[in-house]
Amino acid sequence: MNIEVYPGSPYPLGATWDGKGVNFAVYAENATNVELCLFKSTEEPTENVQIKLTERTHHVWHAYLPDIKPGQLYGYRVHGPYEPEEGHRFNSNKLLIDPYAKAIAGTIEWHDSLFGYEVGHPDEDLSFSKADSAPYIPKSVVVDPNFDWEGDKAPKVPYHKTVIYEAHVKGFTKLHPDIPENIRGTYAALGHPVTIKYLQDLGITAIELMPVHHFVTDRYLMEKDLTNYWGYNSIGFFAPDVRYSSTGVLGEQVVEFKKMVKELHKAGIEVILDVVYNHTAEGNHMGPTLSFKGIDNASYYRLVEDSKRYYMDYTGTGNTMNAMLPSVLRLIMDSLRYWITEMHVDGFRFDLASTLARELHDVDRLGSFFDIIHQDPIISQVKLIAEPWDVGEGGYQVGKFPAGWAEWNGKYRDCIRDYWRGADSMIGEFAYRFTGSPDLYQDDYRKPTASINFVTAHDGFTLNDLVSYNEKHNMANGEDGKDGENHNSSWNCGAEGPTDDPVVNDLRAKQKRNFLTTLFLSQGVPMLVAGDELSRTQQGNNNAYCQDNEISWLNWKAADKDLLEFTQKLIRLRREHPTFSRRRWFQGQPIKGVGLEDIAWFLPDGKEMSEEHWNQDHAKSLAIFLNGRGLHSRGPLGEQITDDSFYVIFNAHYEPISFKLPLKKYGDQWTKILDTSENRVGEEGITYAARKTINVAGRSVVLLHHPINDH
């Protein structure tokens with residue numbers, strides 16, 4: 001086959017169709033030769049055209065091919081030294097995925113040829129494999145970037161009005177009876193009217209998708225008939241994973257993803273992506289050669305300084321991307337910008353973000369990665385959320401990320417779990433977490449919205465399992481129950497797993513309401529895990545990363561309708577009352593013209609708490625006055641924002657406690673609008689006068705309301 005080849009351009013990297021042909025460009029600093037391989041179809045085992053790239057500019061190999069169209073399948077073979085001990089693993093027998101591929105057709109078919117060395121050889125990865133991997137590796141795809149966005153605009157929901165919903169593309173809709181069967185578990189299903197109405201009725205403003213970058217299921221999982229369900233094993237940082245496409249593999253997955261985003265945006269819902277730039281699916285020195293390792297191993301990975309055969313592993317997955325290198329920084333920034341400008345996503349949650357901050361071995365919060373993001377006019381304007389830890393020394397960095405970043409607040413999760421299960425915990429820490437964690441964020445010129453509050457996440461127990469199991473039950477994962485976190489801060493309420501005991505089940509239901517109420521009344525940004533509002537269970541599995549089945553999928557037919565309604569009303573309460581979603585910190589000072597603090601803390605006897613009470617181990621009961629006139633915020637037109645006042649009573653003690661309401665100056669009459677012991681929100685309730693006594697059930701929350709016009 002005779003194909004014309006023009007010099008082309010080193011920029012942009014990847015395969016770029018301009019309407020007349022395609023420019024191919026790949027970065028490989030230490031390579032000696034690069035070959036572009038073209039394939040007729042996904043069924044063809046080897047390439048039908050091989051083109052040697054002769055143009056090289058600033059370590060980028062490039063060529064322009066006229067008449068090549070979208071849908072074209074391709075890959076690279078890269079030549080250079082195979083010297084693992086020097087950090088080089090070039091092997092031109094391996095077909096490689098383009099790091100900038102906008103789509104990837106199909107998934108890996110595991111075979112020994114995918115490894116750069118001879119599997120089973122006594123010299124391990126120092127041996128050299130001559131087997132061709134092309135028949136077993138998915139091919140990169142040229143895509144058509146054109147799409148009718150119909151004037152799509154980003155919702156740009158401010159952080160203080162944001163409610164995040166963490167969901168898995170497949171698991172969320174796979175069993176949904178009202179979604180057409182042929183699209184369940186796909187991007188199309190997430191953009192379906194049934195899904196969107198559910199999200200709107202729930203009241204969430206942003207859906208945070210677990211990884212959709214094209215990922216790989218490890219060989220050892222496949223051999224155990226398991227899979228990498230969660231997707232934290234990326235290989236294509238520009239390509240939406242093909243498994244979630246209902247329309248095709250030759251670029252159709254890109255169009256389907258864009259349609260999903262467009263429909264969610266029409267409903268005012270933002271799309272946040274969980275992204276994994278800290279490592280790739282190529283594993284350690286014994287891992288496969290799929291892309292980066294064969295294109296230029298030393299230009300992408302953190303290698304052990306005095307033994308470059310091996311990888312620095314701050315991620316627990318075998319390798320670490322080297323975000324100190326310009327080539328890797330460019331890759332990450334180009335990927336982020338692509339998802340914002342071309343795919344219209346609204347933000348990112350960075351998996352193991354401390355890894356990206358590492359300069360040498362230390363975690364440096366002013367590392368090059370953050371410097372570059374901070375000055376980027378596109379990336380700096382979207383939501384940036386860090387998972388502020390990794391597995392390396394000093395990797396737990398909660399509260400230490402730069403201004404402009406929000407963080408998954410692991411300290412919030414741990415504190416709230418301990419509080420409601422009755423563990424010894426300081427009431428002072430509970431107060432910090434409830435008010436947005438000022439001890440973590442206030443001194444750094446950050447706002448309460450820097451704290452992403454959560455009680456559960458994809459990793460760990462679901463909310464239902466948090467109150468149903470004392471121990472993890474992970475035998476289905478095939479690791480003899482050794483995997484997964486051992487310290488869950490969970491409590492089964494009296495029986496391990498499902499039970500017919502009505503007392504235990506009632507307590508579990510109440511505890512779920514307690515957790516949700518605490519979450520949505522706390523300052524900061526609440527994150528709800530998909531299905532927690534439906535009492536979804538994973539049968540005690542706290543590490544369901546490999547369970548692409550009913551363990552992980554939402555069972556819509558078994559949905560807890562009462563809890564769903566309770567959650568909807570809680571979110572509505574938060575949305576309607578800015579008291580629960582402040583933009584500024586509490587000051588604890590009297591407000592001019594009112595004479596009351598913006599927040600005050602009370603003991604059950606109705607007296608304000610004193611300093612000595614804050615460090616009591618066993619203090620489980622307190623009340624909080626939230627002054628609606630003390631928001632210290634203005635609206636878009638400069639108007640002063642005010643709200644009703646609220647009195648929140650927390651009783652984590654197992655027995656009922658009588659609470660005396662505070663003095664009349666805080667409110668002459670209070671109406672109960674929420675009581676977690678009654679499963680009721682927003683209904684007409686009992687009214688109490690100042691200084692009256694209210695009996696609060698054991699392990700429950702009561703919310704009292706005082707209208708602003710009655711102050």
Side-chain angles (χ1 to χ4, degrees), residues 12-17 70-71 97-105 140-157 164-165 167-170 172 186-192 195-196 205-215 231 234-277 330-351 373 376-385:
L13 289 163
T16 307
W17 184 62
I97 295 168
D98 180 0
Y100 278 73
K102 305 302 189 299
I104 296 171
S140 305
V141 185
V142 176
V143 305
D144 181 351
N146 296 308
F147 179 76
D148 183 4
W149 280 102
E150 300 180 290
D152 176 67
K153 289 186 178 179
K156 291 191 179 297
V157 180
I164 297 174
Y165 192 68
H168 187 282
V169 173
K170 182 175 183 179
F172 186 57
T186 68
Y187 304 121
L190 273 186
H192 191 274
T195 301
I196 287 174
T205 69
I207 186 166
E208 182 178 301
L209 299 179
M210 291 174 66
V212 299
H213 287 174
H214 194 95
F215 63 89
S234 305
I235 199 65
F237 295 117
F238 294 78
D241 196 276
V242 71
R243 298 168 184 83
Y244 308 139
S245 172
S246 66
T247 44
V249 303
L250 300 179
E252 295 90 349
Q253 62 267 53
V254 179
V255 175
E256 187 172 327
F257 185 93
K258 289 178 176 178
K259 286 180 177 176
M260 173 197 76
V261 173
K262 183 168 69 172
E263 293 306 313
L264 287 163
H265 279 184
K266 285 179 183 176
I269 297 170
E270 295 184 308
V271 178
I272 297 172
L273 300 188
D274 193 336
V275 289
V276 190
Y277 293 111
R330 176 171 60 181
L331 171 82
I332 296 172
M333 301 305 148
D334 286 350
S335 170
L336 292 170
R337 272 192 297 269
Y338 174 79
W339 286 96
I340 297 166
T341 60
E342 296 297 316
M343 308 294 264
H344 286 209
V345 305
D346 305 284
F348 305 94
R349 177 264 188 189
F350 292 81
D351 178 64
I373 279 188
D376 190 284
I378 294 172
I379 304 171
S380 63
Q381 299 307 302
V382 301
K383 288 185 169 68
L384 302 170
I385 302 169

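Here the structure is a predicted model, which means the values were calculated and not measured.
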Point to revise | Proximity of F348 and Y277 rings by center, below 6.0 Å | key: no
Point to revise | Contacts of K383 that satisfy salt bridge (Lys or Arg N to Asp or Glu O under 4.0 Å) - sequence neighbours left out | key: E270
Heavy-atom distance under 4.5 Å between the side chains of [X] and [Y], does that happen here?
X	Y	value
V275	P211	no
E256	T186	yes
Y165	I272	no
P155	T205	no
F147	K259	yes

Point to revise | Residue pair Q253, T247: steps toward the side chain to side chain donor-acceptor pair (under 3.5 Å) verdict | key: CA-CA 7 Å; Q253 62 267 53; T247 44; over 6 Å; no
Revision key, fill the gap. Test side-chain hydrogen bond (donor to acceptor under 3.5 Å, both in side chains), reference D152, set H265, K258, K262, output is H265
**Study point:** Partners passing side-chain hydrogen bond (donor to acceptor under 3.5 Å, both in side chains) against H213 (at least two apart in sequence or in another chain)
**Key:** W339
Report yes or no: does [X] contribute a side-chain atom to a donor-acceptor pair with the main-chain N or O of [Y] at less than 3.5 Å?
X	Y	result
S335	F238	no
S234	G236	no
E208	A167	no

Review point. Should the pair E150-K266 be classified as a salt bridge under the 4.0 Å nitrogen-to-oxygen rule?
Key: yes
Check your understanding: I269 pairs by side-chain contact (heavy atoms from CB on, under 4.5 Å) with which of V157, I207, L190?
Key -> I207
Check your understanding: When you measure from the centre of the six-membered ring of Y338, is the NZ or CZ of K102 under 6.0 Å away and within 45° of the axis?
Key -> yes
Practice item. Please collect all salt bridge (Lys or Arg N to Asp or Glu O under 4.0 Å) contacts where either partner lies in residues 330-340, sequence neighbours excluded, each pair once. Key: D334-R337, R337-D376
